Amino acid sequence: MKIILKKDIQGLGFKDDVLIVKDGYGRNYLLPQGMAVLATDKALKMLNEELKQRAHKLAKIKADAEAAAKKYEGVTLVIAAKVSDGKNIYGSVGAAQIAEALAAKGIETNTKQIVFKAVKELGKYVAVVQLHKEVAVEIPFEVIAENAPATPEAAPVAETAAPAEEAAAEVAEEPAAEVSETEAEA
């Protein structure tokens, strides 16, 4: 039996495929479930016409996606995030933050089009904006600490704390030396 699939069926074929299946499978399952239609001459002509019309629509959609991809050329993003300890950030940087950063540059992007694994550490990464099944754009971005200018100031504080610790260590050594002398006298 020759049929035309009306939807994707795993293990059998994709929508609009013309297939030959066993009579019982087609007559008792595919046709009653609305998954396929008989491949008559009239149905095949309709399918060919529909595929031609859809090809024009798909070509226009792809051309629009390629034109939109040009907006993303040369775009790099810097995203500030709150840092807990060293490189780890609170929460994660996701598609919403990427879309927000792109919107700040004047490029509106749907968060569903942005594909990448959520980032949980500082560093440089790449997000992919999937504009069409055949058109994708890579956007490099860097995640930095929200208080990045404050971190250099934190280093001198640590340096000033070190001499204080050394002084405390010297003070701790002196009484220990006195105790040793008294023990020596006894």
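Everything quoted here is computed from the prediction, not taken from an experiment.
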Please lay out, stage by stage, how I98 and F116 fare under the test side chain to side chain contact (heavy atoms under 4.5 Å, CB included). CA-CA 10 Å; I98 300 292; F116 73 103; 3.6 Å; yes
Test side chain to side chain contact (heavy atoms under 4.5 Å, CB included) on Y29 and M35 and set out the steps. CA-CA 8 Å; Y29 181 69; M35 297 180 182; 3.4 Å; yes
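Listed here is the closest heavy atom pair of K120 and G91: CG-O, 4.1 Å. I114 approaches A95 most closely through the heavy-atom pair CD1-O, 3.7 Å. The minimum heavy-atom distance linking T111 with A99 is given by the pair CG2-CB, 3.7 Å. A36 approaches I3 most closely through the heavy-atom pair CB-CD1, 3.8 Å.
Judged as a salt bridge (charged side-chain N to carboxylate O under 4.0 Å, His left out), and not counting sequence neighbours, D17 has no contacts.
Cluster membership check: V75 shares its hydrophobic cluster with V143, using side-chain heavy-atom separations under 4.5 Å among Ile, Leu, Val, Met, Phe, Trp and Tyr. Clustering ILVMFWY residues whenever any of their side-chain heavy atoms sit less than 4.5 angstrom apart, transitively, puts L77 in the very cluster that holds V83. A continuous path of ILVMFWY side-chain contacts below 4.5 Å connects I79 to V119, so both sit in one hydrophobic cluster.
In this structure the side chain of V18 reaches within 4.5 angstrom of the side chain of K2, judged on heavy atoms. In this structure, the side chains of M1 and L30 stay at 4.5 Å or more apart for every pair of heavy atoms.
How far CG of L38 is from CG of L31: 5.0 Å, rounded to the nearest 0.5 Å. Atom CD1 in I89 sits 11.5 Å away from atom CD1 in I144 (nearest 0.5 Å). In this structure, the separation between CD on Q97 and CD on E100 is 7.0 Å, given to the nearest 0.5 Å. Taking CG from N28 and CD from Q33, the interatomic distance works out to 11.0 Å, rounded to the nearest 0.5 Å.
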Give the table of side-chain donor-acceptor pairs shorter than 3.5 Å for residues 4-12, with sequence neighbours excluded, one pair per line with atom names and distance.
residue	atom	partner	partner atom	Å
D8	OD1	K15	N	2.6

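Each side chain to side chain donor-acceptor pair (under 3.5 Å) pair with one or both residues in residues 61-83, not counting sequence neighbours, appears once here: K60-D64, K62-E134, Y72-T109.
Atom OH of Y25 is surrounded by more than 12 heavy atoms from other residues, nucleotides or ligands within 6.0 Å. No more than 12 heavy atoms of other residues, nucleotides or ligands shown are found within 6.0 angstrom of CD on E138.
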